[in-house]
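The analysis underlying the following values was restricted to heavy atoms, covering all of them including side chains, and did not include hydrogens, waters or symmetry mates.
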Amino acid sequence: MEAAIKTLVTTFISSSKGKENLNKKEFKKLVSNQLGSIMEDTDSTSAIEELKQGLDDNNDGKVSFAEYLTLIGYVATSLSESKSGSSADAS
């Protein structure tokens with residue numbers, strides 16, 4: 001678990017080149033290179049732009065670390081549901 005958290009943090013820092021936010025190009029590269037095997041449409045510029053806009057809570061055109069963690073949470077939840085066969089509809 002510790003290694004996974006360190007990887008999440010170092011991947012963000014490396015992708016953002018040490019800055020607080022990922023710009024459009026950095027975000028696209030991160031999604032394409034790091035999440036391409038577990039997400040669909042990571043080769044689609046428009047799909048990645050739509051994803052970025054959905055994460056960009058403060059509408060600054062960038063993805064902060066907190067916004068990045070929202071993406072990681074979404075991906076982890078989707079992966080967990082697909083592996084376990086569970087559904088979010090169970091209410």
Side-chain angles (χ1 to χ4, degrees):
M1 182 73 86
E2 289 177 18
I5 293 170
K6 287 178 184 178
T7 298
L8 289 172
V9 172
T10 56
T11 297
F12 181 88
I13 292 170
S14 172
S15 297
S16 69
K17 299 177 178 77
K19 297 182 308 247
E20 292 184 13
N21 299 294
L22 295 164
N23 65 29
K24 181 179 180 175
K25 182 179 176 183
E26 294 162 343
F27 181 71
K28 181 181 185 320
K29 185 175 179 182
L30 182 145
V31 171
S32 297
N33 294 346
Q34 301 295 327
L35 300 173
S37 65
I38 58 175
M39 286 182 67
E40 296 178 7
D41 296 331
T42 58
D43 56 346
S44 166
T45 300
S46 61
I48 292 175
E49 178 61 22
E50 187 176 324
L51 176 62
K52 182 180 73 63
Q53 289 175 356
L55 293 169
D56 187 12
D57 288 338
N58 61 355
N59 297 313
D60 66 353
K62 301 174 185 173
V63 176
S64 69
F65 185 72
E67 293 163 342
Y68 160 76
L69 288 180
T70 299
L71 171 64
I72 298 304
Y74 169 75
V75 171
T77 299
S78 296
L79 189 59
S80 174
E81 289 174 355
S82 71
K83 296 283 185 192
S84 68
S86 68
S87 173
D89 297 306
S91 38

- Item | Verdict with reasoning, V63 to L71, per side chain to side chain contact (heavy atoms under 4.5 Å, CB included) | CA-CA 10 Å; V63 176; L71 171 64; over 6 Å; no
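- Taken from CZ in F27 to OG in S15, the straight-line distance is 10.5 Å, to the nearest 0.5 Å.
- Within 6.0 Å of the CD atom in E50, the count of heavy atoms belonging to other residues, nucleotides or ligands does not exceed 12.
- If you take CD on E67 and CD1 on I72, they are separated by 13.0 Å, rounding to the nearest 0.5 Å.
- Interatomic distance, NZ of K25 versus CG of L30, reported as 14.0 Å (0.5 Å rounding).
- Looking at every heavy atom in both residues, D41 comes nearest to I48 through O-CG1, 4.2 Å.
- Enclosure of atom NZ in K19 by more than 12 non-hydrogen atoms of other residues, nucleotides or ligands within 6.0 angstrom is indicated.
- A donor-acceptor pair under 3.5 Å is absent between the side-chain atoms of S78 and the main chain of V75, judged by distance alone.
- Considering all non-hydrogen atoms of both residues, L8 and Y68 come closest at O-OH, 2.9 Å.
- The distance from the OG atom of S14 to the CD atom of E26 is 10.0 Å, given to the nearest 0.5 Å.
- Between F12 and F65, the angle of the ring planes goes over 60°, which puts this pair in the perpendicular group of the 30/60° scheme.
- With respect to K52 and E49, a salt bridge is recorded, a charged nitrogen being found less than 4.0 Å from a carboxylate O.
- Taking OG1 of T10 as the start and CD1 of I5 as the end, the distance is 11.5 Å to the nearest 0.5 Å.
- Of all non-hydrogen atoms in D56 and K62, the two that sit nearest each other are OD1-O, 3.2 Å.
- S32 places a side-chain N or O within 3.5 Å of a backbone atom of T42 that can act as its donor or acceptor partner.
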